[in-house]
Amino acid sequence: ATMPGEKAVTDFRSPQLPLEALIASEGHFKGLGTRDVVKLAYISARGGDPAGEERPLEKVAPGELAKLARVGLAALVARFDAPDTPYAAMRRAAFTSGYKYDDYAHLARVAEWLGAEGEGE
């Protein structure tokens with residue numbers, strides 16, 4: 001898998017590092033206490049030459065990304081806490097390429113709804 005680009009992170013399409021910065025800055029990693037996050041980077045490890053790569057995020061300060069992550073997370077919680085918010089049965093196309101198998105697809109029975117899987121008569 002490739003590492004997300006900086007734009008994907010700052011647009012929160014790949015929110016893992018900003019969320020981890022939020023968790024660290026609020027002291028929710030057991031045994032670490034509250035921390036100021038001074039650097040966020042993706043690190044890949046693989047065989048060959050070079051054996052790995054470090055790609056730091058440089059356009060937005062980690063503390064600012066953590067604050068934005070908190071705002072975005074609170075907005076998502078509020079949105080999905082509202083009883084009239086629908087829960088989609090299918091992923092949006094932009095996010096499907098990273099999933100090889102959907103653990104819940106068989107429960108949603110989407111293929112049957114779309115006519116891709118017929119039942120015997």
Side-chain angles (χ1 to χ4, degrees):
T2 61
M3 292 184 279
E6 189 149 349
K7 184 161 175 42
V9 175
T10 58
D11 288 349
F12 292 94
R13 288 178 285 121
S14 295
Q16 181 179 354
L17 286 182
L19 288 170
E20 288 180 356
L22 173 63
I23 293 166
S25 68
E26 295 194 354
H28 295 294
F29 281 118
K30 187 176 180 176
L32 292 180
T34 302
R35 301 289 175 159
D36 289 332
V37 178
V38 297
K39 179 180 177 181
L40 293 175
Y42 282 99
I43 299 171
S44 71
R46 59 183 178 274
D49 186 24
E53 175 186 359
E54 179 180 343
R55 187 182 316 153
L57 302 178
E58 299 171 332
K59 294 180 181 172
V60 180
E64 185 62 26
L65 274 175
K67 289 176 188 172
L68 293 170
R70 172 172 274 300
V71 170
L73 180 59
L76 279 174
V77 168
R79 177 178 167 205
F80 285 99
D81 193 38
D84 59 340
T85 299
Y87 285 74
M90 296 172 45
R91 291 188 180 99
R92 293 181 291 167
F95 297 99
T96 58
S97 65
Y99 296 96
K100 302 224 183 295
Y101 179 75
D102 184 340
D103 292 332
Y104 301 101
H106 67 287
L107 295 174
R109 302 177 77 147
V110 173
E112 290 177 38
W113 301 344
L114 298 175
E117 194 177 88
E119 298 214 9
E121 296 190 26

**Report entry** Qualifying ring-ring contact (aromatic ring centres under 6.0 Å, His included) pairs, either residue in residues 57-81, two or more places apart
**Finding:** Phe80-Tyr87

Report task. Among residues two or more places apart or on two chains, list those pairs meeting ring-ring contact (aromatic ring centres under 6.0 Å, His included) that have a residue in residues 29-66. Result -> none

**Report entry** side-chain hydrogen bond (donor to acceptor under 3.5 Å, both in side chains) partners of Gln16, counting only residues at least two apart
**Finding:** Glu20

Report summary line: Residues at least two apart in sequence or cross-chain that pass side-chain contact (heavy atoms from CB on, under 4.5 Å) with Ala82, listed by chain then number, are Asp84, Thr85

Report summary line: Glu58 meets the salt bridge (Lys or Arg N to Asp or Glu O under 4.0 Å) criterion, sequence neighbours left out, with none

Query raised in the report: According to the salt bridge (charged side-chain N to carboxylate O under 4.0 Å, His left out) rule, which pairs have a member within residues 28-47, sequence neighbours left out?
Result: Lys39-Glu54

Query - Qualifying salt bridge (charged side-chain N to carboxylate O under 4.0 Å, His left out) pairs, either residue in residues 3-12, two or more places apart - result: Lys7-Asp11, Asp11-Arg13

Requested in this report: Is it possible for you to say whether Ile23 and Leu32 belong to one hydrophobic cluster, with membership spreading through side-chain heavy-atom contacts below 4.5 Å?
Outcome: yes

Query raised in the report: Honestly curious: do Leu57 and Met3 fall in one hydrophobic cluster under the side-chain, below-4.5 Å linking rule?
Result: yes

Report summary line: Minimal heavy-atom distance between Ala8 and Pro4, with the atoms involved, is CB-CB, 4.4 Å

Requested in this report: Identify the heavy atoms of Ser25 and Val37 that sit nearest to each other, and give their distance.
Outcome: N-CG2, 4.4 Å

Report summary line: The reported gap from CG in Leu17 to CG in Leu22 (rounded to nearest 0.5 angstrom) is 12.5 Å

Distance-only criterion, 3.5 Å: show the donor-acceptor pairs between side-chain atoms of residues 66-78 and protein atoms not counting sequence neighbours.
| unit_1 | atom_1 | unit_2 | atom_2 | d |
| --- | --- | --- | --- | --- |
| Arg70 | NE | Glu26 | OE2 | 2.8 |
| Arg70 | NH2 | Glu26 | OE1 | 2.6 |
| Arg70 | NH2 | Glu26 | OE2 | 2.7 |

